[in-house]
Amino acid sequence: MTAKLVIQSRYMKIKTRLLNQIGKKQLKPGDKVKSENQLADEFGVSRMTARRAISELVSEGVLMRAQGIGTFVAEPEKAPAVLAIPDLVGEIMQSPQQYSNQLLGRGLINANSVQSQWLGVSVGSELLSIKVVHNRDNKAVLLEDILINPSVLSELTASNITPSLLEQDFSQVSPAHFIEQLAAATHLEHCVEAILPSDKLASVLQLTSSQACLKVGRKTFVGESISSFTRAYYAGNGYKIGSNFD
């Protein structure tokens, strides 16, 4: 049993590294990836372990093999009609409107039973909690309640990232954008619903209790690991969502 877990851990490190390089555009569609022998030498594993990581990425459509030539990053498949969630903070920063934010809370916590399910970790695992409200022209438009799994980011960056997250000045870069710079997401999962705000949420977003909010739950994946889970609350009177399908 122990040997099996070690093999899984080693092949997943190779797979996660490749996914992260693709997510950060360090490897682009058409780029050739290292051979199984090169990856085996780099990670200190057997060729069979490296082959498993490559084979899974090929079967998932992330990589493609060319017989006798090598393995390359595949062109991403065009997705069917999907509802895109715009980056509201990025839009404000790139517009003439004034962006500001207020950090409502930041600190280390131990995952409870619900939070452990959100991030796929054990109960009691150390997580970083960040709560921040984003403003457009000094009016609150978005509250983000973010839970970060620092162990995922630390493994990818080969350093303890927790101190940086605890000390980072988020006045010029949002927490979500900062995390993306550390480790680009390989994919996201969203759950969108309309809600009526609690008294506390209504106060933060300067709403009445009868004004609707848009609640977006977002899981951010790096490889097969969940790096963060965010509950984002958008003021319904200042935000619209839509998509254009071909």
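Just so you know, these numbers come straight off a predicted model, no measurement behind them.
The environment of Met48 atom CE is sparse: at most 12 non-hydrogen atoms of other residues, nucleotides or ligands sit within 6.0 angstrom. For Lys24, the NZ atom counts as densely surrounded, since its 6.0 Å shell holds more than 12 non-hydrogen atoms of other residues, nucleotides or ligands.
No hydrogens or angles considered: nothing links the side chains of Ser227 and Asn149 as a donor-acceptor pair under 3.5 Å. With no hydrogens or angles considered, a side-chain donor-acceptor pair links Arg65 and Ser55 at under 3.5 Å. Judged purely by distance below 3.5 Å, without hydrogens or angles, the side chains of Ser151 and Ser154 never pair a donor atom with an acceptor atom.
Salt bridge status for Arg17 with Glu42: present, with a side-chain N to carboxylate O gap under 4.0 Å. For Glu144 and Lys131, the salt-bridge test fails: no basic side-chain N is under 4.0 Å from an acidic carboxylate O. Under a 4.0 Å N-O distance rule, the pair Glu193/Arg231 does not qualify as a salt bridge.
Residues Tyr233 and Phe229 do not share a hydrophobic cluster, clusters being chains of Ile/Leu/Val/Met/Phe/Trp/Tyr side chains in contact below 4.5 Å. Leu104 and Leu205 fall within a single hydrophobic cluster, where Ile, Leu, Val, Met, Phe, Trp and Tyr are joined by side-chain heavy atoms under 4.5 Å apart, directly or via other members. Placement of Ile130 and Leu119 in two distinct hydrophobic clusters is found when ILVMFWY residues are connected by side-chain heavy-atom separations under 4.5 Å, directly or transitively. A single hydrophobic cluster is not seen to contain both Val216 and Leu147; linkage of ILVMFWY side chains at heavy-atom distances under 4.5 Å, directly or through other members, places them apart.
Contact check for Thr220 versus Ile179: no side-chain heavy atoms found under the 4.5 Å cut-off. Here the side chains of His177 and Val89 are in contact, with some heavy-atom distance below 4.5 Å. Within the 4.5 Å cutoff, the side chain of Val132 has no heavy atoms near those of the Asp145 side chain. For the pair Asn112/Val123, no side-chain contact is recorded, criterion being any heavy-atom separation below 4.5 Å from C-beta on. You'll find the side chain of Ile148 stays beyond 4.5 Å of the side chain of Leu127, heavy atoms only. No side-chain heavy atom of Lys219 sits less than 4.5 Å from a side-chain heavy atom of Leu188. Between Val73 and Val62, the closest side-chain pair of non-hydrogen atoms is not below 4.5 Å. A 4.5 Å side-chain heavy-atom check between Phe178 and Gln168 finds at least one atom pair inside the cut-off.
Atom CD1 in Ile109 sits 8.5 Å away from atom CG in Leu128 (nearest 0.5 Å). Atoms CZ and SG, from Arg218 and Cys191 in turn, are 12.5 Å apart once rounded to the nearest 0.5 Å.
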With side chain to side chain donor-acceptor pair (under 3.5 Å) as the test, would you mind laying out the steps for Ser116 and Ser113 before giving the verdict? CA-CA 5 Å; Ser116 68; Ser113 58; 5.9 Å; no

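When all heavy atoms of Ala50 and Ala40 are compared, the closest pair comes out as CB-N, 4.0 Å.
In terms of the side chain to side chain contact (heavy atoms under 4.5 Å, CB included) criterion, residue partners of Lys15 (sequence neighbours excluded) are, by chain and number, Tyr11, Met12, Leu19, Ala53, Glu56, Leu57, Glu60, Glu224.
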